[in-house]
Number of protein chains: 2
Amino acid sequence: MATISDVASLAGVSTATVSRALNGKSTVDPELAARVLAAARELGYQPNGPARNLRRQEAAVIALIISDVENPFFTAIARGVEDVAHAVGYSVVLCNADENADKERRYVDVAIQERVAGVIMSPTPTATNVDLLINRGTPLVAVDRPLPERPSDTVLVDTRLAAREATEHLMTQGYQRIGCVTGPSGVRTADDRLAGYRDALRAARMKSSPRLVRRTEFKAAGANRAAQDLLAQPEPPDALLVANSAMAIGVLAALNEASRRPGRDVGVVAFDDVPWAELVDPPLTVVAQPAYEIGTVAAQLLLARIADNTRAATTTTLGARLIERESSHRGDLP
Amino acid sequence: MATISDVASLAGVSTATVSRALNGKSTVDPELAARVLAAARELGYQPNGPARNLRRQEAAVIALIISDVENPFFTAIARGVEDVAHAVGYSVVLCNADENADKERRYVDVAIQERVAGVIMSPTPTATNVDLLINRGTPLVAVDRPLPERPSDTVLVDTRLAAREATEHLMTQGYQRIGCVTGPSGVRTADDRLAGYRDALRAARMKSSPRLVRRTEFKAAGANRAAQDLLAQPEPPDALLVANSAMAIGVLAALNEASRRPGRDVGVVAFDDVPWAELVDPPLTVVAQPAYEIGTVAAQLLLARIADNTRAATTTTLGARLIERESSHRGDLP
DNA sequence: CACGGTGGAGTAATCGTTTTCTCAGAAGCT
DNA sequence: AGCTTCTGAGAAAACGATTACTCCACCGTG
């Protein structure tokens with residue numbers, strides 16, 4: 001594996017010159033530079049990253065720690081981050097914390113040890129050992145959920161308002177007993193969506209009942225049980241607000257099994273616009289979150305903070321958009 | 001940022017002893033070890049990764065370069081790789097090449113420069129500069145598609161056979177003019193699925209016509225246009241084999257727009273079982289590939305090769321499973 | 001002409017580990 | 001006791017880049 005000194009001796013110059021020629025940090029004689037380039041190419045020279053990072057005390061890498069690689073919402077964020085980061089020469093490494101505090105801890109440790117330039121993450125409720133990051137002054141941006149207790153740059157969606165609007169939309173459609181299936185307590189987005197749901201009920205002077213609300217992990221299986229459970233009650237809900245797309249799958253499956261048709265029998269609005277939302281029968285009404293944009297904004301904030309870590313922490317809140325389809329239309333029932 | 005010598009002086013020992021105590025490579029006096037551990041904890045010591053990797057000449061990291069983060073098939077592979085790698089102390093960094101040879105090149109360069117322990121990738125048809133990896137002797141496993149021209153450990157699905165069986169299934173159901181929407185020429189899985197489709201036609205002595213086949217990128221938009229195009233013909237297909245789940249979305253949308261019902265009017269089988277396959281109307285018949293298992297097997301092969309790079313290259317071929325649902329059932333038409 | 005300034009290249013220090021030596025002392029053996 | 005063997009710990013040499021310094025030659029100016 002060719003090193004910089006191999007290149008240097010082949011080109012007949014010093015390692016310093018090779019470094020300068022290759023990085024363009026300082027001007028070198030064009031003729032020497034050409035010799036260096038030729039030598040590097042001939043040897044197939046690839047700089048040793050660890051050595052470079054050790055000396056520079058920083059890697060041109062940003063770590064993106066997301067809570068679920070299988071959730072299209074997060075992969076869309078990832079694409080946004082990548083596009084911005086690559087444009088300015090940073091690499092992005094994607095880490096899948098899987099809504100698991102241990103894995104999150106582990107990846108944060110890796111990020112610290114590898115001395116990445118910055119971290120973007122959607123923190124778990126405990127957000128264990130992000131303090132380590134903060135104490136070290138590693139630039140950090142939280143996405144989707146704020147960091148509990150600690151200030152930091154944050155990119156959020158006004159999900160409480162969106163949940164309220166979605167619920168109000170269901171009311172407008174004439175649904176009377178609206179239920180909610182949301183994520184685990186402590187996960188900010190789950191809490192906010194529930195709060196927005198309650199905001200809407202309160203504003204309409206509808207009484208909210210715990211029997212209409214279920215909380216489970218953000219997965220299809222849990223939501224499926226929750227929905228079955230809701231529907232089995234004496235007075236089942238006639239509409240449901242569902243907190244993400246994986247859950248929507250579980251809920252729709254439960255409705256199928258119970259032979260209730262979305263829209264006609266039970267109104268459904270789910271968070272996250274997914275490619276298949278228009279294909280299910282009836283098409284699914286969704287709250288579309290600007291996931292890609294969350295990624296681009298987060299990456300820009302992170303780059304700005306890498307450049308200047310003294311800026312005050314900012315919170316950017318993006319809006320969501322209700323996309324009405326048939327799953328929230330009652331039809332012409334009395 | 002505390003270094004190993006800070007720990008050493010706080011514990012009153014040499015850096016060598018600290019290193020040994022922390023890595024457990026050699027025996028150190030239990031009392032000293034305890035002092036070291038205490039000092040490390042007190043200082044919040046985190047080893048400097050680049051320095052360690054520089055010295056060790058290898059990072060405990062494996063790079064996973066996939067062609068599309070937004071494709072559930074690849075994210076499932078990623079989870080398989082992660083689970084195996086983490087169990088033995090390796091970190092996984094996920095890189096999204098986005099079916100783009102440039103991005104792939106870039107990530108391969110990063111992998112080389114960072115001296116990762118190994119690489120798992122689903123190569124683009126050109127697979128630019130994997131030669132670099134091979135020449136350097138970096139352990140490499142190809143998944144989903146073989147590396148063109150070069151031998152390497154490979155984990156594949158017998159996708160040609162699966163395509164054949166899926167097509168035969170459509171024949172059994174009574175469809176007469178079966179079409180195929182597959183991916184770009186050169187991408188092995190796209191070619192194989194087309195070949196399997198043709199195998200089935202040939203075996204049944206049905207004539208295959210280029211007018212029944214369309215190739216486009218593995219995305220919904222392209223498949224949508226392809227399907228519209230197929231359906232607009234004078235003699236449109238009465239069934240379609242679709243090469244992945246994103247394409248299935250485009251195809252199903254086209255059928256909707258053309259008011260043709262999957263199953264009854266046009267039989268549909270798509271590759272990749274996705275969570276929403278049972279929710280569309282009618283439920284989608286799919287070829288389920290063992291994605292998670294591809295990931296675990298690939299990771300095991302890679303670890304074996306990291307341990308011993310002299311082994312001969314092996315190819316593991318896993319089977320796929322047809323899951324029959326209604327989109328490939330004609331009903332009782334004459 | 002002398003002198004300061006400048007540009008370009010080399011020398012060597014440096015980053016923070018791991019690991020090879022080296023060595024002292026303990027232990028085992030005859 | 002005298003010898004070898006072994007154990008455990010410290011000193012110091014890597015690892016391969018970047019970069020602060022140094023030095024030389026050359027240029028322009030007073």
Side-chain angles (χ1 to χ4, degrees), chain A residues 1-37 39-40 43-61 89 109-117 136 138, chain B residues 1-37 39-40 43-61 89 109-117 136 138:
Chain A
M1 191 110 55
T3 74
I4 198 171
S5 22
D6 298 333
V7 177
S9 51
L10 181 59
V13 298
S14 73
T15 63
T17 302
V18 174
S19 174
R20 287 190 276 250
L22 259 30
N23 295 305
K25 286 295 178 189
S26 161
T27 93
V28 318
D29 187 286
E31 197 253 337
L32 285 193
R35 286 218 315 264
V36 168
L37 240 60
L43 294 173
Y45 171 68
Q46 290 269 27
N48 181 310
R52 159 180 289 176
N53 297 337
L54 172 59
R55 175 63 224 220
R56 289 208 186 143
Q57 297 287 69
E58 169 178 300
V61 169
D109 279 344
V110 172
I112 293 174
Q113 292 184 6
E114 298 302 323
R115 308 299 198 256
V116 300
R136 265 160 221 277
T138 305
Chain B
M1 191 108 57
T3 74
I4 199 173
S5 21
D6 298 333
V7 177
S9 50
L10 181 57
V13 299
S14 72
T15 63
T17 302
V18 174
S19 174
R20 288 189 276 248
L22 259 31
N23 295 305
K25 287 296 180 190
S26 162
T27 103
V28 319
D29 186 284
E31 197 252 337
L32 285 193
R35 288 219 313 265
V36 168
L37 240 60
L43 293 172
Y45 171 69
Q46 292 268 24
N48 182 310
R52 157 179 292 177
N53 297 338
L54 171 56
R55 175 61 225 218
R56 287 207 187 145
Q57 296 289 68
E58 168 177 300
V61 169
D109 278 344
V110 171
I112 293 173
Q113 292 184 7
E114 298 302 324
R115 309 299 198 254
V116 300
R136 265 160 223 278
T138 305

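Just so it is clear: chains get the letters A, B, ... in the order the sequence lines come, proteins before strands, and each one is counted from 1.
Between the CD atom of B:Glu114 and the C1' atom of D:dA17 there is a distance of 12 Å, given to the nearest Å. Atom CE in B:Met1 sits about 9 Å away from atom P in C:dG16, given to the nearest Å. A:Gln46 places its CD atom 15 Å from the P atom of D:dG16, with the value rounded to the nearest Å. Atom CD in A:Glu58 sits about 12 Å away from atom P in D:dT19, given to the nearest Å. Between the CG atom of A:Leu22 and the C1' atom of D:dT19 there is a distance of 15 Å, rounded to whole Å. Between the P atom of C:dT17 and the CG atom of B:Asn48 lies a distance of 5 Å, rounded to the nearest Å. Counting to the nearest Å, the C1' atom of C:dT17 and the CG atom of B:Leu43 are 16 Å from each other. For the pair B:Asp6 CG and C:dG16 C1', the interatomic distance rounds to 10 Å; values are reported in whole Å.
Listed by chain and number, the residues in a side-chain contact (heavy atoms from CB on, under 4.5 Å) with B:Ala40 are B:Val7, B:Tyr45 (sequence neighbours excluded). When the side chain to side chain donor-acceptor pair (under 3.5 Å) test is applied to A:Ser14, the partners found at least two apart in sequence or on another chain are A:Thr17. Residues passing the side-chain contact (heavy atoms from CB on, under 4.5 Å) test with A:Ala59 are A:Asn53, A:Val61, sequence neighbours excluded. With sequence neighbours excluded, the residues satisfying side chain to side chain donor-acceptor pair (under 3.5 Å) with B:Gln46 are A:Asp109, A:Gln113. Applying the side chain to side chain donor-acceptor pair (under 3.5 Å) test to B:Ser26 and every residue at least two apart in sequence or in another chain returns nothing. By the side chain to side chain donor-acceptor pair (under 3.5 Å) test, A:Ser5 pairs with A:Thr3, sequence neighbours left out. With sequence neighbours excluded, no residue forms a side-chain contact (heavy atoms from CB on, under 4.5 Å) with B:Thr27.
The salt bridge (charged side-chain N to carboxylate O under 4.0 Å, His left out) pairs that include a residue from residues 43-58 of chain A number zero, where partners must be two or more places apart or lie in different chains. Residue pairs satisfying the salt bridge (charged side-chain N to carboxylate O under 4.0 Å, His left out) criterion with at least one member in residues 16-31 of chain B, sequence neighbours excluded, are listed as follows: B:Glu31-B:Arg35.
Counting non-hydrogen atoms under 4.0 angstrom, B:Ser26 reaches nothing in the nucleic acid.
Listed by residue number, the members of residues 28-37 of chain B with any heavy atom below 4.0 angstrom from DNA chain D are B:Val28, B:Asp29, B:Leu32.
In the helix from C:dC1-D:dG30 to C:dT30-D:dA1, the terminal helix axes, each the rotation mapping four pairs' C1' atoms onto the next four within five end pairs, subtend 40°, rounded to 10°.
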Checklist entry - Can you check side chain to side chain contact (heavy atoms under 4.5 Å, CB included) on A:Leu22 and A:Leu37, steps first, answer last? => result CA-CA 7 Å; A:Leu22 259 30; A:Leu37 240 60; 3.7 Å; yes
When you compare the protein's N or O atoms with those of nucleotides 18-20 of chain C, which come within less than 3.5 Å of each other, and at what distance?
from	atom 1	to	atom 2	distance (Å)
C:dT18	OP1	B:Asn23	ND2	3.1
C:dT18	OP1	B:Arg52	NE	3.0
C:dT18	OP1	B:Arg52	NH2	3.0
C:dT18	OP2	B:Ser19	OG	2.7
C:dT18	OP2	B:Asn23	ND2	3.3
C:dT18	O2	B:Arg55	NE	3.4
C:dT18	O2	B:Arg55	NH1	2.7
C:dT19	O4'	B:Arg55	NH2	3.1

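Note on A:Gln57: a side-chain N or O is less than 4.0 Å away from OP1 or OP2 of C:dG16. Distances shorter than 4.0 Å separate none of the side-chain N or O atoms of B:Ser14 from OP1 or OP2 on D:dA9.
Remark: A:Glu114 CD to B:Asn48 CG distance equals 8.5 Å, nearest 0.5 Å.
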